[in-house]
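Comments concern the structure below.
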Amino acid sequence: MNDFGIDFEGELNPAQFSAVTAPYNRPALVLAGAGSGKTRTLTYRVAWFLAECSFAPREILLLTFTNKAAREMLDRIFSLTGFSPEAFWGGTFHSVGNRFLRREGRAIGVEPDFTILDSDDSEAFLKRCVEEEYPNFFSVKDNPRVKLLRDIISYARNTCKSVPQTMAECFSWLETPAEQIADIAKFYDFDKRRKNYCDFDDLLELWKRLLEEDDAVRARYAGRFGNILVDEYQDTNSLQCRILDLLADRGDLTAVGDDAQCIYSWRGAQIDNILHFKDRYPAAAVFKIERNYRSTPQILDFANAVLSGMSTDDEYKKSLVAARGGTSKPLVIRAMDASSQGRQVADCVLDAVSSGKYRYSDIAILYRSHFQAMDLQLQMQYKNIPFVMTSGMKFFEQAHIKDVAAMIRFAANPRDFMSFWRLLKYLPKVGEKTANKIFSAALERSQKRRISVFEALSDKPVVAKVPVGARESFGELVSDVSALREMFERSTASGGGSGADSESGENSGNGEGGENSAGVFQADLFYAGRAASPNADSTAASRISAGGDEKGEGPGSESDGDSPVRDSESASGADSVVSDNPLPKDFVKAACSGWYSSVMKTQYADWQERVDDFDALYEYAGRYADIGDFLDNIALETDARPESEADAKVSKVRLMTVHQAKGLEFPIVFIVGAADGLFPTKRSIEEGDVEEERRLFYVAATRAMDYLVISYPRVGASGGNFEMRPPSRFLESVDSSLYDCAF
DNA sequence: CGCCCCCTGATTTTT
DNA sequence: TCAGGGGGCG
Ligand SMILES: Nc1ncnc2c1ncn2[C@@H]1O[C@H](COP(=O)(O)OP(=O)(O)OP(=O)(O)O)[C@@H](O)[C@H]1O
């Protein structure tokens with residue numbers, strides 16, 4: 001028996017057991033259908049490495065694409081081994097890429113204190129880039145709008161293809177010359193570097209570049225990881241696949257996935273990555289699990305039937321057999337319209353709970369697209385059913401939250417011009433153009449007089465650019481961000497470093513290389529300070545090293561230590577630190593009051609509710625000890641709403657998209673909106689390819705353990721008018737003997 | 001140039 | 001239903 005009290009052989013079936021115990025230095029591919037215990041295999045393999053191969057948690061790299069799947073994976077490892085998520089190098093590709101770049105980015109000229117742009121930020125930034133480079137671009141009506149432009153560029157980057165190639169393959173209907181869009185992409189990229197921004201794609205692309213261009217760094221990390229485990233491997237894109245190949249060049253890779261569950265090809269996921277795994281890793285051992293432990297045989301038969309129309313690569317065709325029993329078939333409900341559907345689903349939920357066998361939290365309601373959740377939400381509220389909805393507007397993407405974050409971000413990185421620009425636009429009579437002028441003036445003064453941007457903002461020539469009626473408000477804004485800046489300087493000073501970019505403002509491309517390198521150096525200091533902050537000591541990393549086996553570190557690993565986290569998850573230790581070292585929550589408090597609180601009252605009729613969000617934000621900030629970590633997580637952690645500790649305990653029905661449900665399981669699952677035009681979507685039908693939709697439907701059905709209920713509205717409101725909708729073709733393709741009808 | 005009003009048309013999925 | 005574009009006024 002081992003440290004964890006796990007009976008590996010007893011708790012796993014033979015196929016799982018051989019995958020778990022396969023040599024760590026040989027590539028392993030676990031390819032199996034839904035609910036067959038792939039994630040279980042992955043988590044046990046981690047436990048095996050810890051128990052039998054004397055790996056330390058920080059020698060294990062765990063990756064997956066979505067936040068939810070990452071959390072599921074890490075939580076399950078925690079319950080199995082007792083090692084908390086921070087002990088490992090683990091999380092989404094983006095969050096781990098972020099960690100790599102913060103540590104090692106300098107090697108490829110990325111300053112470690114960069115600001116992460118979320119999708120809204122990058123869209124706004126791209127728009128500005130276009131307007132600078134091609135002022136009339138958006139006046140040409142055939143040209144793509146910013147959103148599409150961003151999608152094209154992003155898709156190209158995620159598939160490692162050139163913009164013209166992407167245009168030709170996927171956007172050939174666009175009139176705009178591909179070279180022009182390629183040029184915009186280039187300019188966007190250049191300007192991001194200049195402002196020290198990383199968008200989501202940079203977190204992968206620059207990570208890849210780092211590994212490609214600095215072989216010493218690559219080799220150091222490749223050597224550090226005893227094994228790299230990837231869940232949901234079928235949804236990796238070219239960029240992620242390349243990163244893995246670079247890091248796992250010694251074959252220490254465990255890939256886990258199911259080609260029938262590939263649902264992210266629209267953002268570049270390559271199903272071939274998993275199908276041709278053996279071509280790239282000829283030494284790979286492939287493990288297949290044919291047994292499904294999650295669902296009743298009836299649910300499984302239904303799910304298999306959904307898939308039967310699909311053409312799969314023969315080699316990887318899987319036949320799942322249920323390991324458990326069950327009696328009831330999936331139930332199909334037909335409703336008049338969306339609101340009647342909501343009512344019926346809500347009634348079913350109440351029935352299930354009043355039976356006493358299930359809690360609200362055992363139930364998930366899944367849908368193809370977020371707008372379908374609206375009617376459900378209403379009915380749930382009406383019937384007083386506790387629920388949590390994780391689709392739609394993300395908490396941190398709401399304007400008022402981003403405004404507050406913008407104030408803190410600007411204080412932390414004065415080159416983050418977009419953040420301050422965003423705030424300036426709230427001043428009366430100040431729009432995009434005036435905001436530009438104000439900020440340019442501030443930059444100019446700061447450079448000319450060698451003062452900080454913050455001081456420059458109070459300089460007369462700068463104030464002169466502010467419309468008279470906005471000056472009072474402007475003054476309050478400046479005083480608030482200056483106060484935040486002062487807090488930021490205190491927080492980094494007490495951490496042992498100094499502000500990275502306190503004085504320089506923007507390097508305005510006029511060839512002052514000297515200033516640039518000074519900035520890099522300072523950033524280095526700053527970053528080391530963060531990593532070594534006293535709070536970091538009380539983190540999981542040290543808790544782990546007390547319990548786990550501490551391994552000696554190679555030379556040079558002191559400053560770039562191999563411990564996966566630098567942050568403190570819980571600020572419980574930080575709480576006791578006196579206000580001398582301002583904490584993230586103090587920043588939040590400061591930013592939410594003062595200037596912004598009055599702006600919000602004039603800006604939003606529902607400001608009262610938004611104030612409640614500030615309380616939630618404050619509580620969330622309390623979990624962090626480092627302001628940089630806090631800001632990173634705001635951008636990367638796109639959860640619907642950070643739940644308070646007490647709130648998380650309340651049993652609630654979960655409303656979410658099928659995409660979000662991937663990798664999860666629930667005793668009772670509802671799939672709503674199973675009508676042609678909704679699921680599969682109208683778009684996919686028109687484009688003539690519904691295979692990914694089919695896989696998505698399969699993912700949805702296989703989330704269910706005990707009961708699966710599928711419903712569809714017969715009429716749907718599309719725009720102003722109503723449309724009759726036939727049941728989903730996926731439902732129709734299933735033999736009616738495999739389900740019951742409630743009508 | 002900011003701001004307001006009217007009209008249109010469209011609704012996928014994530015980091 | 002409402003976000004976003006276009007047009008016109010101050
Ligand atoms: N050998 C086993 N014995 C008992 N239960 C098992 C076994 N293997 C898997 N299970 C259970 O089956 C369920 C599904 O497992 P898991 O989530 O790991 O599957 P998966 O293949 O990752 O599914 P998906 O493809 O849907 O993500 C879990 O509740 C798991 O505990």
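Below, all heavy atoms of this structure are taken into account, side chains as well, without hydrogens, waters or symmetry copies. Within every chain, numbering begins at 1; the chains are lettered A, B, ... in the order of the sequence lines, protein sequences first and strands thereafter.
Outside the 6.0 Å centre-distance limit, the rings of A:Tyr596 and A:His400 are not counted as a close aromatic pair. Between A:Phe125 and A:Trp421, the ring centre distance reaches or exceeds 6.0 Å. Between A:Phe730 and A:Tyr698, the gap from one ring centroid to the other reaches at least 6.0 Å. Proximity of the aromatic rings of A:Phe65 and A:Tyr264 is defined here by a centroid distance below 6.0 angstrom, and this criterion is met.
A straight line from CG of A:Leu424 to P of B:dC1 spans 16 Å, rounded to a whole angstrom. In this entry the distance linking NZ of A:Lys465 with C1' of B:dC1 reads 14 Å, nearest Å. Atom OH in A:Tyr426 sits about 16 Å away from atom C1' in B:dG2, given to the nearest Å. A:Met374 places its CE atom 13 Å from the P atom of C:dT1, with the value rounded to the nearest Å. The distance from atom CG of A:Leu378 to atom P of C:dT1 is 12 Å, rounded to the nearest whole Å. Put simply, NZ on A:Lys429 is 8 Å from C1' on B:dC3, counting in whole angstrom units.
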Working for salt bridge (charged side-chain N to carboxylate O under 4.0 Å, His left out), residues A:Asp191 and A:Lys195: CA-CA 6 Å; A:Asp191 215 25; A:Lys195 302 254 185 350; 3.4 Å; yes
Ring pair (Phe, Tyr, Trp, His ring centres under 6.0 Å) evaluation trace for A:Phe396 with A:Tyr620: CA-CA 11 Å; A:Phe396 296 118; A:Tyr620 179 81; 5.0 Å; yes
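Side chain of A:Asn237 to backbone of A:Gln240: a donor-acceptor contact under 3.5 angstrom is found.
Heavy atoms of other residues, nucleotides or ligands lying less than 6.0 angstrom from CE of A:Met336 number 12 at most.
Going from the P atom of B:dT11 to that of C:dG6 covers 16 Å, rounded to whole Å.
The shortest non-hydrogen separation linking A:Asp201 to A:Leu239 is O-CD2, 4.4 Å.
Ranked by how close their nearest DNA chain B nucleotide is to the 5' end, A:Thr681 and A:Lys425 are led by A:Lys425.
Heavy atoms of A:Pro467 sit nowhere under 4.0 angstrom from any nucleic acid atom. Nucleic acid contact for A:Thr434: sugar-phosphate only, since backbone atoms but no base atoms lie under 4.0 Å from a heavy atom of the residue.
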Set out, line by line, the N/O atom pairs under 3.5 Å between protein and nucleotides 13-15 of chain B.
| residue | atom | partner | partner atom | Å |
| --- | --- | --- | --- | --- |
| B:dT13 | OP1 | A:His370 | N | 2.7 |
| B:dT13 | O4' | A:Arg368 | NH1 | 3.1 |
| B:dT13 | O2 | A:Trp266 | NE1 | 3.3 |
| B:dT13 | O2 | A:Arg368 | NH2 | 2.8 |
| B:dT14 | OP1 | A:Thr657 | OG1 | 3.1 |
| B:dT14 | O2 | A:Arg267 | NE | 3.4 |
| B:dT15 | OP1 | A:Asn67 | N | 2.8 |
| B:dT15 | OP2 | A:Thr638 | OG1 | 2.9 |
| B:dT15 | O3' | A:His94 | ND1 | 3.1 |

Pairs: protein N or O with nucleotides 2-9 of chain C N or O, under 3.5 Å:
none

